[in-house]
Amino acid sequence: MGTTTTPLVLVLLFCCLVSVLQAEYLKYKDPKQPLNVRIKNLLKRMTLEEKIGQMVQIERSVATPQVMKKYFIGSVLSGGESVPATNASAETWIQMVNGIQNGSLSTRLGIPMIYGIDAVHGNNNVYKATIFPHNVGLGVTRDPVLIKKIGDATALEVRATGIQYVFAPCIAVCRDPRWGRCFESYSEDPKIAQAMTEIIPGLQGDISSNSRKGVPYVSGKNKVAACAKHYVGDGGTTKGINENNTVISYSELLRIHMPPYYDSIVKGVSTVMVSYSSWNGQKMHANHFLVTNYLKNKLKFRGFVISDWLGIDKITSPPHSNYSYSIQVGVGAGIDMIMVPFNFTEFIDVLTYQVKNNIIPVSRIDDAVKRILRVKFVMGLFENPLADLSLVNQLGSEEHRQIAREAVRKSLVLLKNGKSAEKPLLPLPKKAAKILVAGSHADNLGYQCGGWTITWQGLGGNNLTVGTTILEAVKQTIDPATKVVFNENPDSNFVKSNNFSCAIVVVGEHPYATTFGDSLNLTIPEPGPSTITNVCGSIQCVVVLITGRPVVIQPYLSKVDALVAAWLPGTEGQGVADLLFGDYGFTGKLARTWFKTVDQLPMNVGDKYYDPLFPFGFGLSTNPTKY
């Protein structure tokens with residue numbers, strides 16, 4: 001009897017030991033464990049190869065499941081216009097993202113990847129998504145409650161495609177409209193940019209009042225990790241040249257460009273993207289003082305810092321000319337995740353060499369990986385790594401389109417209304433004999449959405465996605481007996497000979513993004529000016545400007561009866577007609593100074609010499625018409 005008991009006891013003891021070890025091994029996967037325990041438990045299991053893999057973000061076109069598994073890649077992104085298929089459905093996006101994720105989950109430790117996308121005015125890469133007004137218009141609303149609703153809707157539409165991370169919001173304070181990214185900025189005033197950071201709890205969820213400052217927060221699988229960008233001073237470059245040099249004192253940098261980051265961090269923003277630009281000659285991607293000493297240490301930011309696309313490559317001129325140096329100073333500055341996005345094996349090899357040869361300390365790698373893991377744990381990525389189809393109906397939903405339409409209404413600014421105050425033109429009557437609608441932007445969904453819509457630079461035409469053009473909106477708003485005539489660029493004889501009651505002229509800029517939008521003249525391209533002259537010289541007209549910033553308009557101002565700044569309103573053009581015909585009143589006030597001539601630039605509210613065409617805060621009001 002005794003001889004059989006001893007082996008049995010040993011077997012039971014062995015089983016117990018295995019169970020204990022197994023429980024310890026799975027500790028980082030246990031959501032009941034404290035956050036720091038999970039991070040520490042996982043980090044100590046990771047090899048250098050696995051740690052460096054977490055620091056790498058690659059483009060979806062090279063992110064096969066095999067690559068994810070072999071190199072332990074931590075993150076994937078869709079670059080501008082990088083999609084699984086033309087006009088891809090939400091289901092197709094989910095299938096792609098889950099396929100990549102399964103590669104990550106098949107690794108030894110099963111660390112899920114995080115997928116990022118530029119959802120800067122809705123889930124704007126995706127066909128049929130709701131496209132909200134760009135930030136230049138949203139700043140006009142001065143409505144944080146509305147902005148939060150937009151964040152919430154955007155999160156649902158992004159999650160509808162299986163994606164968990166957005167490169168938004170852009171909280172740049174654009175100080176010069178010549179900058180090609182000024183339409184991504186809420187205002188020249190940091191106070192408005194601060195108020196608009198309320199989009200972050202919309203995207204991520206409301207952080208609890210007792211939460212530790214700087215710790216990232218994402219409230220579940222209906223929310224996404226947000227990214228405050230571009231740190232810091234991107235909107236202050238000389239002459240508005242993209243990726244250029246912001247020449248400003250330290251105190252002014254903190255006063256003008258830093259405040260929105262304070263609010264973002266308090267609201268639990270998960271990530272911060274570094275700017276391509278320089279501050280007083282030093283590349284931000286190489287600025288240890290501002291990235292590590294200030295952002296991480298002084299502001300207590302505990303999420304991860306991510307580079308911009310090829311951001312560390314551009315530390316040198318020409319880019320990538322000394323990649324080893326770029327990696328050393330970029331990672332050394334405190335950047336945690338590198339948007340490589342293609343040459344990931346080169347990055348991994350160089351960084352591995354630098355760590356093994358004590359050029360970059362292991363402690364810097366550990367800091368980066370802890371931050372990345374912290375975001376992944378906080379957002380529940382380990383518990384819910386794979387997307388399902390439960391949210392696909394959120395993409396382009398009617399509820400979200402109504403929010404966008406409200407945003408359009410509140411973002412329009414009425415700059416002129418009538419040749420005299422006693423004879424306003426707006427609101428227009430819905431009952432009229434015949435209305436002329438003219439201009440290159442009147443029936444062009446792509447133009448009214450602008451850059452970062454389906455493609456990186458944006459598109460013209462009406463085939464890019466689903467929405468309502470301003471012409472369509474006018475037709476849907478007027479009385480059935482009113483005749484609408486559309487002529488994109490009529491000559492004056494046509495206008496004079498057709499006995500129109502009035503005209504709506506919709507002109508503006510063509511779509512652009514980033515450096516391609518830099519402009520030293522800020523003029524409206526032809527045939528916009530010709531259309532204004534031909535139409536407004538003959539009949540009463542309202543000119544609706546579709547632009548990403550203030551443009552040169554003074555030469556035409558005396559010709560027009562009414563002038564509306566509609567910015568880049570997105571897919572819901574009905575919001576424009578809502579105001580033109582008086583269903584709602586104009587309420588928007590300029591969040592940017594409108595200059596007379598480009599020679600005045602840069603010119604911002606509070607400047608000593610301030611002589612604008614329309615000052616910051618200007619905007620005429622109208623009352624709704626009762627029908």
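- Distance alone, capped at 3.5 Å, places no donor-acceptor pair between the N604 side chain and the E188 backbone.
- Note that CD1 of I504 is 9.0 Å distant from CD1 of I470, once rounded to the nearest 0.5 Å.
- Going from atom CG of D518 over to atom CG of N242 covers 5.0 Å, rounded to the nearest 0.5 Å.
- Around CG of N499, the count of heavy atoms belonging to other residues, nucleotides or ligands within 6.0 Å does not exceed 12.
- Atom CD of E399 has 12 or fewer heavy atoms from other residues, nucleotides or ligands within 6.0 Å.
- Within the 3.5 Å criterion, the main-chain N or O of S411 finds a donor-acceptor partner in the side chain of W567.
- The one candidate from F516, W309, Y512 that meets the ring-ring contact (aromatic ring centres under 6.0 Å, His included) condition with W456 is F516.
- Side chain of E91 to backbone of V392: no donor-acceptor contact under 3.5 angstrom is found.
- Within the structure, side-chain hydrogen bond (donor to acceptor under 3.5 Å, both in side chains) contacts touching residues 481-490 (residues at least two apart or in different chains) are N489-T531.
- Of all heavy-atom pairs spanning T237 and T246, the tightest one is N-OG1, 3.4 Å.
- Heavy-atom contacts from other residues, nucleotides or ligands closer than 6.0 Å to OH of Y584 number 12 or fewer.
- Looking only at distances, no side-chain donor or acceptor of T547 sits under 3.5 Å from a matching main-chain atom of P550.
- Ion pair R181/D234 not flagged as a salt bridge, since none of the NZ, NE, NH1 or NH2 atoms sits closer than 4.0 Å to an Asp/Glu carboxylate oxygen.
- Other residues, nucleotides and ligands contribute only 12 or fewer heavy atoms inside 6.0 Å of the NZ atom of K128.
- Taking the six-membered ring wherever Trp is involved, the centroid distance between the rings of F167 and Y165 falls below 6.0 Å.
- Enclosure of atom NZ in K434 by more than 12 non-hydrogen atoms of other residues, nucleotides or ligands within 6.0 angstrom is indicated.
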*Between E509 and S519, is a side chain to side chain contact (heavy atoms under 4.5 Å, CB included) present by the stated rule, with each step listed?*
CA-CA 11 Å; E509 295 184 298; S519 172; 5.7 Å; no
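- The shortest heavy-atom contact between T197 and P260 is CG2-O, 3.6 Å.
- Rounding to the nearest 0.5 angstrom, the gap separating the CD1 atom in I524 from the OG atom in S530 is 11.0 Å.
- Side-chain atoms of W179 do not come within 3.5 Å of backbone N or O of T514 as any donor-acceptor pair.
- The backbone N or O of F500 lies less than 3.5 Å from no partner atom in the side chain of N498, so there is not a single donor-acceptor pair.
- Here the straight-line distance linking atom OG1 of T469 with atom CG of N444 works out to 8.5 Å at 0.5 Å rounding.
- Once rounded to the nearest 0.5 Å, the distance linking OH of Y127 with CG of L464 reads 9.0 Å.
- In this structure a side-chain-to-backbone donor-acceptor pair under 3.5 Å is present from D491 to F494.
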*Decide yes or no on side chain to side chain contact (heavy atoms under 4.5 Å, CB included) for I478 and V484, but give the supporting numbers first.*
CA-CA 9 Å; I478 56 168; V484 172; 3.1 Å; yes
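- The two atoms that bring A119 and A168 nearest to each other are O-CB, 3.4 Å, heavy atoms only.
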*Applying side chain to side chain contact (heavy atoms under 4.5 Å, CB included), run through L391 and N222 and close with a yes or a no.*
CA-CA 8 Å; L391 295 175; N222 288 357; 3.5 Å; yes
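- Looking only at distances, a side-chain donor or acceptor of S185 sits under 3.5 Å from a matching main-chain atom of S187.
- Looking at every heavy atom in both residues, S501 comes nearest to A432 through OG-CB, 3.8 Å.
- Side-chain contact annotation: K430 with T477, donor-acceptor N/O pair under 3.5 Å absent.
- The minimum heavy-atom distance linking A503 with V535 is given by the pair CB-CG1, 3.4 Å.
- The minimum heavy-atom distance between L203 and P169, with the atom names listed, is CD1-CD, 4.4 Å.
- The SG atoms of C541 and C536 are placed within less than 2.5 angstrom of each other.
- Rounded to the nearest 0.5 Å, atoms CD1 (I553) and CG (L613) are 8.5 Å apart.
- Between R401 and E398, no side-chain nitrogen of the basic residue sits less than 4.0 Å from a carboxylate oxygen of the acidic one, so the salt-bridge criterion is not met.
- Scanning for ring-ring contact (aromatic ring centres under 6.0 Å, His included) contacts around H134 gives H121, F183, with sequence neighbours left out.
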*Stepwise, does the side chain to side chain contact (heavy atoms under 4.5 Å, CB included) test hold for S219 with Q204?*
CA-CA 6 Å; S219 68; Q204 298 192 155; over 6 Å; no
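- Evaluation of the salt bridge (charged side-chain N to carboxylate O under 4.0 Å, His left out) test over residues 135-155, restricted to residues two or more places apart or in two chains, returns D143-K410, K148-D206, K149-E406, D152-K223.
- At distances below 3.5 Å, at least one donor-acceptor pair connects side-chain atoms of T622 with backbone N or O atoms of F586.
- A donor-acceptor contact shorter than 3.5 Å links the side chain of Q448 to the backbone of T468.
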